[in-house]
Amino acid sequence: MKQGIDFWQFCYETKQYVRMTIILNSTNEIIGTVEMFNRGAAYFYGVHGILRIDIMSKYEEEEVLRAVLELAHVHFYQEFGVEWIVTKAVSDAVIRRETLAKLGYIPMKSFALDHYYGRGEHENRNPF
């Protein structure tokens with residue numbers, strides 16, 4: 001167990017991978033997690049980070065998603081040393097996909113994985 005904790009602490013300190021808890025301010029309820037890690041460079045879009053957002057279904061709404069994503073935009077590009085933030089939104093996740101589009105995310109057709117959307121640190125730079 002100590003080795004596991006040491007590994008997660010090392011990942012946090014070296015900004016490789018971080019998992020945070022999402023807490024609803026109005027109730028102090030834990031409603032999900034956010035994970036972020038730097039995945040390295042790729043041909044089309046440079047250094048990118050994978051952002052995983054796992055929220056309880058009843059909170060999968062624009063207001064909550066927007067709050068999480070806006071915090072990521074303010075902090076994660078610099079903190080993780082990435083040019084792009086990439087996150088998954090499957091076809092059935094209509095509210096998530098709509099929220100991502102409103103915040104400047106675009107479908108990443110040339111990405112190695114399916115159903116991913118990305119947003120560059122400088123929104124006007126679109127290599128697709």
Side-chain angles (χ1 to χ4, degrees):
M1 180 61 98
K2 174 137 175 36
Q3 286 177 326
I5 293 169
D6 289 345
F7 172 74
W8 290 115
Q9 184 67 34
F10 172 79
C11 288
Y12 176 78
E13 289 170 357
T14 59
K15 300 178 185 176
Q16 292 180 36
Y17 176 91
V18 176
R19 178 182 290 161
M20 296 157 276
T21 303
I22 302 171
I23 299 173
L24 189 62
N25 288 338
S26 61
T27 64
N28 216 26
E29 176 185 8
I30 295 172
I31 64 169
T33 60
V34 173
E35 302 170 8
M36 178 73 177
F37 65 93
N38 182 324
R39 192 166 183 251
Y43 176 71
F44 289 112
Y45 35 85
V47 178
H48 61 288
I50 302 292
L51 173 65
R52 294 184 181 136
I53 304 170
D54 184 17
I55 297 177
M56 292 170 58
S57 297
K58 70 181 186 177
Y59 295 108
E60 181 84 15
E61 55 191 38
E62 183 176 346
E63 181 181 2
V64 174
L65 293 167
R66 180 179 286 275
V68 170
L69 290 164
E70 287 176 350
L71 281 171
H73 299 160
V74 170
H75 300 285
F76 289 2
Y77 292 107
Q78 182 177 343
E79 292 298 323
F80 288 91
V82 298
E83 300 170 57
W84 282 85
I85 292 176
V86 179
T87 191
K88 188 171 187 172
V90 297
S91 300
D92 292 343
V94 175
I95 294 171
R96 186 176 293 218
R97 289 185 9 230
E98 289 173 355
T99 303
L100 288 169
K102 288 177 183 178
L103 294 175
Y105 282 79
I106 56 173
M108 300 189 70
K109 293 175 177 43
S110 60
F111 196 62
L113 305 169
D114 293 333
H115 307 291
Y116 277 80
Y117 289 71
R119 177 178 181 219
E121 182 175 13
H122 308 288
E123 289 183 68
N124 58 352
R125 191 185 127 228
N126 181 353
F128 306 105

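Leu69 contributes atom CG, which lies 5.5 Å from atom CG of Leu100 (distance to the nearest 0.5 angstrom). One finds the CZ atom of Arg119 at 11.5 Å from the CG atom of Leu51 (value rounded to the nearest 0.5 Å). The line from CG of Asn38 to CD of Glu79 is 12.5 Å long, rounded to the nearest 0.5 Å. Rounded to the nearest 0.5 angstrom, Met20 CE and Leu71 CG are separated by 9.5 Å.
The two residues Ala89 and Arg97 make their nearest non-hydrogen contact at CB-CG, 3.4 Å. Closest approach of Tyr116 and Val86 over heavy atoms only: CD2-CG1, 3.4 Å. A pairwise comparison of heavy atoms in Leu65 and Glu60 identifies CD1-OE2, 3.8 Å as the closest pair. Here the closest heavy-atom approach between residue His115 and residue Ser91 is recorded as CE1-OG, 3.7 Å.
Applying the ring-ring contact (aromatic ring centres under 6.0 Å, His included) rule to His75 yields no partners; only residues at least two apart in sequence or on another chain are considered.
Surrounding CG of Asp6 are more than 12 heavy atoms belonging to other residues, nucleotides or ligands, all under 6.0 Å away. Other residues, nucleotides and ligands place no more than 12 heavy atoms under 6.0 Å from the CD1 atom of Ile30.
Side-chain contact between Glu35 and Ile50 is absent, with no heavy-atom pair separated by less than 4.5 Å. The shortest side-chain heavy-atom distance between Arg66 and Lys102 falls under the 4.5 Å cut-off. Contact of the Leu103 side chain with the Glu70 side chain is registered, since non-hydrogen atoms from C-beta on lie closer than 4.5 Å. In this structure, Arg52 and Thr87 have side chains that are not in contact, with every pair of non-hydrogen atoms separated by 4.5 Å or more.
Aromatic pair His48/Tyr77: ring centres not closer than 6.0 Å.
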